[in-house]
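Taking it in order: structure first as C-alpha coordinates, then the write-up.
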2 protein chains.
Amino acid sequence: MSQAVPKHDVYQAIADPTRRKLLGLLSDKEMPVKEITGHFSMTRTAVSKHLRILEEAGLVRDRKVGRETRYRLDAEPLKELKDWLAYFDRFWENKLSMLRYYVEEQQEDPSDNDK
Amino acid sequence: MSQAVPKHDVYQAIADPTRRKLLGLLSDKEMPVKEITGHFSMTRTAVSKHLRILEEAGLVRDRKVGRETRYRLDAEPLKELKDWLAYFDRFWENKLSMLRYYVEEQQEDPSDNDK
DNA sequence: GAATTAGGAAACCATTTGGTTTCATATTGA
DNA sequence: TCAATATGAAACCAAATGGTTTCCTAATTC
(Lines give C-alpha, C1' and ligand atoms only; values in the text may rest on other atoms or scores of the structure.)
Protein backbone atom coordinates (compact mmCIF):
# COMPACT_ATOMS: atom_id res chain seq x y z
CA MET A 1 0.00 0.00 0.00
CA SER A 2 2.22 2.76 -1.21
CA GLN A 3 0.64 6.03 -2.31
CA ALA A 4 -3.04 5.84 -3.12
CA VAL A 5 -3.33 9.42 -4.28
CA PRO A 6 -0.45 10.61 -6.44
CA LYS A 7 0.71 14.11 -5.65
CA HIS A 8 1.12 15.01 -9.30
CA ASP A 9 -1.31 13.85 -11.91
CA VAL A 10 -0.37 12.77 -15.38
CA TYR A 11 -1.82 15.88 -17.04
CA GLN A 12 0.38 18.12 -14.97
CA ALA A 13 3.38 15.85 -15.43
CA ILE A 14 3.37 16.02 -19.21
CA ALA A 15 2.65 19.75 -19.32
CA ASP A 16 6.35 20.53 -19.20
CA PRO A 17 8.44 20.00 -22.37
CA THR A 18 11.47 18.87 -20.40
CA ARG A 19 9.43 16.12 -18.82
CA ARG A 20 7.99 15.02 -22.14
CA LYS A 21 11.52 14.76 -23.48
CA LEU A 22 12.49 12.75 -20.42
CA LEU A 23 9.74 10.24 -21.11
CA GLY A 24 10.96 9.87 -24.66
CA LEU A 25 14.52 9.35 -23.52
CA LEU A 26 13.64 6.78 -20.89
CA SER A 27 11.47 4.82 -23.27
CA ASP A 28 14.61 3.78 -25.11
CA LYS A 29 16.37 2.40 -22.10
CA GLU A 30 16.94 2.68 -18.40
CA MET A 31 19.36 5.45 -17.53
CA PRO A 32 21.17 6.80 -14.48
CA VAL A 33 20.67 10.45 -13.55
CA LYS A 34 24.07 11.58 -14.73
CA GLU A 35 23.59 10.18 -18.21
CA ILE A 36 20.10 11.65 -18.39
CA THR A 37 21.42 15.06 -17.41
CA GLY A 38 23.79 14.99 -20.36
CA HIS A 39 20.80 15.38 -22.65
CA PHE A 40 19.71 18.66 -21.11
CA SER A 41 21.17 22.09 -20.55
CA MET A 42 20.20 22.39 -16.94
CA THR A 43 21.71 21.23 -13.70
CA ARG A 44 21.52 17.66 -12.49
CA THR A 45 19.40 18.81 -9.57
CA ALA A 46 16.83 20.33 -11.87
CA VAL A 47 16.61 17.14 -13.91
CA SER A 48 16.29 15.20 -10.69
CA LYS A 49 13.31 17.28 -9.66
CA HIS A 50 11.58 16.65 -12.98
CA LEU A 51 12.21 12.95 -12.51
CA ARG A 52 10.60 13.13 -9.10
CA ILE A 53 7.49 14.73 -10.53
CA LEU A 54 7.27 12.05 -13.19
CA GLU A 55 7.70 9.45 -10.51
CA GLU A 56 4.95 10.94 -8.39
CA ALA A 57 2.70 10.70 -11.41
CA GLY A 58 3.70 7.06 -11.79
CA LEU A 59 5.24 7.64 -15.20
CA VAL A 60 8.73 6.64 -14.18
CA ARG A 61 10.31 4.15 -11.79
CA ASP A 62 13.75 4.05 -10.30
CA ARG A 63 16.09 1.48 -8.88
CA LYS A 64 19.43 1.84 -7.16
CA VAL A 65 22.37 0.11 -8.76
CA GLY A 66 25.53 0.71 -6.83
CA ARG A 67 25.84 4.40 -6.29
CA GLU A 68 23.65 5.34 -9.20
CA THR A 69 19.89 5.63 -9.51
CA ARG A 70 18.53 4.36 -12.78
CA TYR A 71 15.23 5.54 -14.13
CA ARG A 72 12.93 3.89 -16.60
CA LEU A 73 9.59 4.61 -18.18
CA ASP A 74 6.30 3.30 -16.89
CA ALA A 75 3.79 4.32 -19.52
CA GLU A 76 0.77 2.82 -17.81
CA PRO A 77 -0.60 6.09 -16.35
CA LEU A 78 -0.80 7.48 -19.89
CA LYS A 79 -3.88 5.32 -20.28
CA GLU A 80 -5.86 7.86 -18.32
CA LEU A 81 -4.86 10.53 -20.80
CA LYS A 82 -5.73 8.30 -23.70
CA ASP A 83 -9.15 7.58 -22.25
CA TRP A 84 -9.81 11.25 -21.69
CA LEU A 85 -8.76 12.01 -25.24
CA ALA A 86 -10.94 9.27 -26.68
CA TYR A 87 -14.04 11.17 -25.66
CA PHE A 88 -13.17 13.94 -28.09
CA ASP A 89 -12.57 11.66 -31.03
CA ARG A 90 -15.97 12.27 -32.54
CA PHE A 91 -15.31 15.98 -32.68
CA TRP A 92 -12.65 15.79 -35.30
CA GLU A 93 -12.62 12.30 -36.68
CA ASN A 94 -16.31 12.37 -37.45
CA LYS A 95 -16.77 15.65 -39.25
CA LEU A 96 -20.48 14.95 -39.71
CA SER A 97 -21.36 15.84 -36.15
CA MET A 98 -19.54 19.13 -36.51
CA LEU A 99 -21.36 19.86 -39.72
CA ARG A 100 -24.74 19.13 -38.17
CA TYR A 101 -23.80 21.41 -35.31
CA TYR A 102 -23.15 24.36 -37.56
CA VAL A 103 -26.35 23.86 -39.51
CA GLU A 104 -28.45 23.87 -36.37
CA GLU A 105 -26.62 26.92 -35.14
CA GLN A 106 -27.50 28.93 -38.23
CA GLN A 107 -31.15 28.05 -37.96
CA GLU A 108 -31.68 28.83 -34.32
CA ASP A 109 -29.97 32.19 -34.39
CA PRO A 110 -30.52 34.49 -37.38
CA SER A 111 -28.57 37.31 -35.71
CA ASP A 112 -25.35 35.43 -36.27
CA ASN A 113 -22.61 37.94 -36.95
CA ASP A 114 -19.78 35.46 -36.84
CA LYS A 115 -18.18 36.42 -40.14
CA MET B 1 -1.92 35.56 -40.69
CA SER B 2 -3.04 35.58 -37.10
CA GLN B 3 -0.80 34.06 -34.46
CA ALA B 4 1.78 31.63 -35.78
CA VAL B 5 3.09 30.63 -32.38
CA PRO B 6 0.37 30.04 -29.80
CA LYS B 7 1.19 31.46 -26.38
CA HIS B 8 -0.21 28.44 -24.63
CA ASP B 9 0.26 24.96 -25.96
CA VAL B 10 -2.27 22.20 -25.72
CA TYR B 11 -0.32 20.28 -23.06
CA GLN B 12 -0.35 23.26 -20.76
CA ALA B 13 -3.97 24.03 -21.56
CA ILE B 14 -5.29 20.66 -20.46
CA ALA B 15 -3.10 20.50 -17.36
CA ASP B 16 -5.73 22.30 -15.33
CA PRO B 17 -8.86 20.36 -14.23
CA THR B 18 -11.10 23.40 -14.62
CA ARG B 19 -10.04 23.71 -18.24
CA ARG B 20 -10.61 20.03 -18.91
CA LYS B 21 -14.10 20.39 -17.49
CA LEU B 22 -14.63 23.41 -19.72
CA LEU B 23 -13.75 21.39 -22.80
CA GLY B 24 -16.24 18.73 -21.77
CA LEU B 25 -18.94 21.33 -21.21
CA LEU B 26 -18.37 23.07 -24.50
CA SER B 27 -18.38 19.85 -26.46
CA ASP B 28 -22.10 19.55 -25.76
CA LYS B 29 -23.01 22.94 -27.10
CA GLU B 30 -21.97 26.49 -27.62
CA MET B 31 -22.38 28.55 -24.45
CA PRO B 32 -22.13 32.17 -23.35
CA VAL B 33 -19.77 33.03 -20.52
CA LYS B 34 -22.48 33.57 -17.96
CA GLU B 35 -23.99 30.15 -18.48
CA ILE B 36 -20.57 28.54 -18.42
CA THR B 37 -19.77 30.25 -15.13
CA GLY B 38 -22.86 28.67 -13.59
CA HIS B 39 -21.11 25.33 -13.76
CA PHE B 40 -18.18 26.43 -11.61
CA SER B 41 -17.66 27.82 -8.14
CA MET B 42 -15.38 30.62 -9.15
CA THR B 43 -15.91 34.12 -10.46
CA ARG B 44 -16.86 34.88 -14.03
CA THR B 45 -13.52 36.61 -14.49
CA ALA B 46 -11.62 33.49 -13.49
CA VAL B 47 -13.62 31.38 -15.92
CA SER B 48 -13.01 33.97 -18.59
CA LYS B 49 -9.28 33.69 -18.07
CA HIS B 50 -9.38 29.93 -18.44
CA LEU B 51 -11.35 30.37 -21.65
CA ARG B 52 -8.68 32.71 -22.93
CA ILE B 53 -5.97 30.14 -22.28
CA LEU B 54 -7.97 27.49 -24.09
CA GLU B 55 -8.49 29.90 -26.94
CA GLU B 56 -4.78 30.66 -27.17
CA ALA B 57 -4.18 26.93 -27.44
CA GLY B 58 -6.76 26.80 -30.23
CA LEU B 59 -9.04 24.49 -28.27
CA VAL B 60 -11.94 26.88 -28.16
CA ARG B 61 -13.45 29.54 -30.40
CA ASP B 62 -15.75 32.40 -29.60
CA ARG B 63 -18.26 34.55 -31.42
CA LYS B 64 -20.18 37.57 -30.30
CA VAL B 65 -23.95 37.33 -30.38
CA GLY B 66 -25.57 40.48 -29.15
CA ARG B 67 -23.97 41.39 -25.89
CA GLU B 68 -22.84 37.89 -25.10
CA THR B 69 -19.76 35.96 -26.17
CA ARG B 70 -20.42 32.33 -26.96
CA TYR B 71 -17.71 29.75 -26.76
CA ARG B 72 -17.49 26.41 -28.46
CA LEU B 73 -15.04 23.56 -28.64
CA ASP B 74 -12.45 23.14 -31.35
CA ALA B 75 -10.94 19.74 -30.70
CA GLU B 76 -8.51 19.82 -33.58
CA PRO B 77 -5.41 20.74 -31.53
CA LEU B 78 -5.94 17.60 -29.48
CA LYS B 79 -4.53 15.73 -32.44
CA GLU B 80 -1.08 16.79 -31.40
CA LEU B 81 -1.61 15.22 -28.02
CA LYS B 82 -2.96 12.09 -29.59
CA ASP B 83 0.04 11.80 -31.86
CA TRP B 84 2.42 12.28 -28.99
CA LEU B 85 0.59 9.62 -27.01
CA ALA B 86 0.62 7.17 -29.90
CA TYR B 87 4.37 6.83 -29.61
CA PHE B 88 3.99 5.25 -26.19
CA ASP B 89 1.38 2.73 -27.25
CA ARG B 90 3.86 -0.08 -27.60
CA PHE B 91 4.93 0.33 -23.99
CA TRP B 92 1.69 -0.85 -22.53
CA GLU B 93 -0.39 -2.28 -25.32
CA ASN B 94 2.36 -4.62 -26.40
CA LYS B 95 3.43 -6.19 -23.15
CA LEU B 96 6.02 -8.32 -24.95
CA SER B 97 8.46 -5.48 -25.36
CA MET B 98 8.20 -4.71 -21.68
CA LEU B 99 8.79 -8.34 -20.79
CA ARG B 100 11.84 -8.52 -22.99
CA TYR B 101 13.13 -5.40 -21.34
CA TYR B 102 12.97 -6.87 -17.86
CA VAL B 103 14.63 -10.11 -18.91
CA GLU B 104 17.60 -8.28 -20.42
CA GLU B 105 17.86 -6.14 -17.34
CA GLN B 106 18.24 -9.12 -15.04
CA GLN B 107 20.93 -10.70 -17.22
CA GLU B 108 23.14 -7.68 -17.69
CA ASP B 109 23.19 -6.64 -14.07
CA PRO B 110 23.37 -9.29 -11.36
CA SER B 111 23.64 -6.66 -8.60
CA ASP B 112 19.99 -5.78 -9.05
CA ASN B 113 18.52 -4.89 -5.68
CA ASP B 114 15.19 -3.70 -6.97
CA LYS B 115 12.95 -5.86 -4.76
C1' DG C 1 -32.25 58.10 -22.26
C1' DA C 2 -31.50 55.66 -17.97
C1' DA C 3 -30.94 51.32 -15.74
C1' DT C 4 -29.59 46.63 -16.46
C1' DT C 5 -26.91 42.99 -18.28
C1' DA C 6 -22.75 40.58 -20.35
C1' DG C 7 -18.25 40.61 -20.58
C1' DG C 8 -13.33 42.13 -20.83
C1' DA C 9 -9.18 44.78 -18.69
C1' DA C 10 -6.27 46.01 -15.00
C1' DA C 11 -4.30 45.76 -10.62
C1' DC C 12 -3.34 42.97 -7.08
C1' DC C 13 -2.21 38.65 -4.26
C1' DA C 14 -0.76 33.98 -2.55
C1' DT C 15 0.94 29.76 -4.16
C1' DT C 16 3.23 26.88 -7.38
C1' DT C 17 6.86 26.08 -10.63
C1' DG C 18 11.29 25.61 -12.60
C1' DG C 19 15.53 26.66 -11.80
C1' DT C 20 19.99 27.54 -9.02
C1' DT C 21 23.74 26.88 -5.39
C1' DT C 22 25.41 24.66 -1.44
C1' DC C 23 25.72 20.85 1.67
C1' DA C 24 25.29 15.92 3.17
C1' DT C 25 25.51 10.89 2.37
C1' DA C 26 26.54 6.55 0.30
C1' DT C 27 29.26 3.77 -2.80
C1' DT C 28 33.59 3.01 -5.37
C1' DG C 29 38.37 2.57 -6.38
C1' DA C 30 43.24 3.43 -5.55
C1' DT D 1 41.50 4.53 4.60
C1' DC D 2 40.91 8.49 1.61
C1' DA D 3 39.64 10.76 -2.56
C1' DA D 4 36.35 10.73 -6.11
C1' DT D 5 31.75 9.94 -7.84
C1' DA D 6 26.55 9.80 -7.94
C1' DT D 7 22.79 11.50 -6.02
C1' DG D 8 19.43 13.60 -2.91
C1' DA D 9 18.00 17.45 0.40
C1' DA D 10 17.50 22.14 1.67
C1' DA D 11 17.37 26.92 1.12
C1' DC D 12 16.60 30.32 -1.90
C1' DC D 13 14.74 33.05 -6.04
C1' DA D 14 12.20 34.97 -10.11
C1' DA D 15 8.44 34.14 -12.93
C1' DA D 16 4.12 31.93 -13.94
C1' DT D 17 -0.46 30.49 -12.34
C1' DG D 18 -5.01 30.71 -10.58
C1' DG D 19 -7.70 33.41 -8.25
C1' DT D 20 -10.01 37.91 -6.55
C1' DT D 21 -12.00 42.78 -6.70
C1' DT D 22 -12.83 46.97 -9.02
C1' DC D 23 -13.68 49.55 -13.07
C1' DC D 24 -15.07 50.30 -18.04
C1' DT D 25 -17.65 49.53 -22.34
C1' DA D 26 -21.19 47.78 -25.30
C1' DA D 27 -25.84 45.95 -25.98
C1' DT D 28 -30.58 45.65 -24.37
C1' DT D 29 -34.73 46.87 -22.35
C1' DC D 30 -38.01 49.74 -19.92
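Chain letters run A, B, ... following the sequence lines, proteins first and then strands; every chain starts at 1.
The side chain of B:Ser48 contributes an N or O atom lying less than 4.0 Å from OP1 or OP2 of C:dG8. Side-chain N/O atoms of A:Thr69 include one lying less than 4.0 angstrom from OP1 or OP2 on D:dG8. The shortest distance between the side-chain N/O atoms of A:Thr43 and the OP1/OP2 oxygens of C:dT20 is below 4.0 Å. Contact annotation: B:Tyr71 side-chain N/O to C:dG7 OP1/OP2 distance is not under 4.0 Å.
Spacing between atom NZ of A:Lys21 and atom C1' of C:dG18 amounts to 16 Å, rounded to whole angstrom units. Rounded to whole Å, atom P of C:dG8 lies 13 Å from atom CG of B:Leu54. To the nearest angstrom, C1' of C:dG7 lies 17 Å from CZ of B:Phe40. Taking atom CE on A:Met42 and atom C1' on C:dG18, their separation rounds to 8 Å, with Å as the unit. In this entry the distance linking CZ of B:Arg44 with C1' of C:dA10 reads 13 Å, nearest Å. The distance from atom CZ of A:Arg70 to atom C1' of D:dT5 is 15 Å, rounded to the nearest whole Å. Between the CE atom of A:Met31 and the C1' atom of D:dA6 there is a distance of 16 Å, rounded to whole Å. Distance NE2 (B:His50) to P (D:dT20): 9 Å, rounded to an integer number of Å.
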Practice task
Assign a letter to each nucleotide of nucleotides 10-17 of chain D from its 5' end: B, base within under 4.0 Å of a protein heavy atom; S, sugar-phosphate only; -, no contact.
Solution key: BB-----S
Practice task
Spell out protein contact along nucleotides 25-30 of chain C as letters: B when the base is contacted, S when just the sugar-phosphate is, - when no protein heavy atom is under 4.0 Å; keep the 5' to 3' order.
Solution key: --BB--
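Using a 4.0 Å heavy-atom distance criterion, A:Arg52 is classed as a sugar-phosphate-only contact.
With a 6.0 Å radius and a threshold of 12 heavy atoms from other residues, nucleotides or ligands, A:Lys21 has its NZ atom above the threshold.
Looking at B:Leu78 and A:Phe91, their side chains never come closer than 4.5 Å, going by heavy atoms from C-beta outward. Side-chain contact check for B:Leu51 versus B:Leu26: some heavy-atom pair is nearer than 4.5 Å. When side chains are defined from C-beta on, B:Met42 counts as touching B:Thr18, because their heavy atoms get closer than 4.5 Å. You'll find the side chain of A:Glu80 stays beyond 4.5 Å of the side chain of A:Asp83, heavy atoms only. Considering only heavy atoms from C-beta on, A:Trp84 comes within 4.5 Å of A:Tyr11 through its side chain. Between A:Arg19 and A:Ile14, the closest side-chain pair of non-hydrogen atoms is not below 4.5 Å.
Here A:Met31 contributes atom CE and A:Ile36 contributes atom CD1; the two are 6.5 Å apart, rounded to the nearest 0.5 Å.
The A:Ala46 side chain lies nearest to C:dG19 when the options are C:dG19, D:dG19, C:dG7. If you check C:dG19, D:dA6, D:dT20 against the side chain of A:Glu68, the one that comes closest is D:dA6.
Each of B:Lys29, B:Arg70, B:Arg44 was scored for a salt bridge (Lys or Arg N to Asp or Glu O under 4.0 Å) with B:Glu35, with one residue passing: B:Lys29.
The pair B:Asp89-A:Lys82 meets the salt-bridge criterion, with a side-chain N (NZ, NE, NH1 or NH2) lying under 4.0 Å from an Asp/Glu carboxylate O.
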